[in-house]
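Contents: one structure, followed by commentary.
Start at 1 and go down the list; that is how both ligands and their atoms are numbered.
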Amino acid sequence: MELRLGHRVLDLERPRVMGILNVTPDSFSDGGRYTSAEEALLHAEQMQRDGADIVDVGGESTRPGADRVSLQQELDRVMPVIEGVAARLDVAISVDTSKPEVMRAAVAAGATLVNDVFALRREGAIEAAAEFDAAICLMHMQGTPGTMQKAPAYDELPGDVIDFLTERVAACTAAGIGRARLLVDPGFGFGKNDAHNLALLANLGQFSALGLPILVGLSRKRTLGNLSARRAGDRLAAGVAAAVIAVSKGARIVRTHDVAPTVDALKVMHAVEQAGRQR
Ligand code: 7PM
């Protein structure tokens, strides 16, 4: 499996790492340490050195109950960072947004992946995506960020989530977006309790039926906090374990705050997989 990101082709035979670059002042685990574009660029540079293949630039916090951000505010936050990374670094740029105007501006400035937690369900988003040729990550979310953790409920897991993604993939292809541009993501923590998240991780292999690259984000999430009894900044080992489990079940891209240890863990994993295939 391969993913084209602009002039780059990511061979997904080896698992890849997407580093989280928050430019929101209210990000729950970075505590606003990277608010200015300059600081965000330093962070992106560090993630590139640490082995990230992609940096995910986000200007709107999807934290439950977080304030919605205006279009202008989001553009002001993400555009200088995208422009700076495109000019100075050699990593693929993902833009974490649900707004069609931000998608368009970001892609024009060099983003080659759109990471949309609303899976192009916002007004005008699917039409915008049909106009450019960046890749798109379609993520499952039950409810909306404001209310999704109130009482998440499913008839079947992972079936309900796979059905949703199947419908979004069909909507994309109907809108003229080729499958070669699509990735899918179960959306850990987005309208899911701990049991839901664990059932999805345990059965992640079933997402392979979609025939598209699987991206996962488990880094520092609450289920890992509950399992380890640790605060967000102390969930590194739990997050790396979860990443390794996800990749062992077919995930190809891991979205994480902790690039260096995740890259190391996935190198070990990949080497062992290759050794197993050679004998
Ligand atoms: C507060 C709560 C702040 C949750 C940030 C988050 C994913 C994502 C996020 C994911 C994809 C976080 C999340 N999670 N995009 N964006 N997949 N594709 O922990 O799991 O980063 S935001």
- Looking at Leu215, which atoms of ligand 1 are within less than 4.0 Å of one of its heavy atoms? 18 (N)
- Below 4.0 angstrom, N of the basic side chain to O of the carboxylate: do Arg16 and Glu2 qualify?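 Judged by the 4.0 Å cut-off on N to carboxylate O distance, Arg16 and Glu2 do not form a salt bridge.
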- Query: Any ion pair linking Asp90 and Arg8 (charged N to carboxylate O, less than 4.0 Å)?
  - Reply: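 Answer for the salt bridge query: yes.
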- Can you figure out which of Lys221, His140, Met139 has its heavy atom closest to atom 14 (N) of ligand 1?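 Ranked by closest heavy atom to atom 14 (N) of ligand 1, first place is Lys221.
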- Message: Under 6.0 Å from the ring centre and within 45 degrees of the ring axis: does the NZ or CZ of Arg122 meet both conditions for the six-membered ring of Phe118?
- Response: yes
- So, is His257 polar-close to ligand 1, with some N/O to N/O distance under 3.5 Å? no
- Are any side-chain N or O atoms of Lys192 and backbone N or O atoms of Phe190, one a donor and one an acceptor, separated by less than 3.5 Å?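 Here the side-chain-to-backbone pair exists.
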- Which one holds for Arg255 and ligand 1: side chain close, backbone close, both close, or neither close, with close meaning a heavy atom under 4.0 Å? side chain
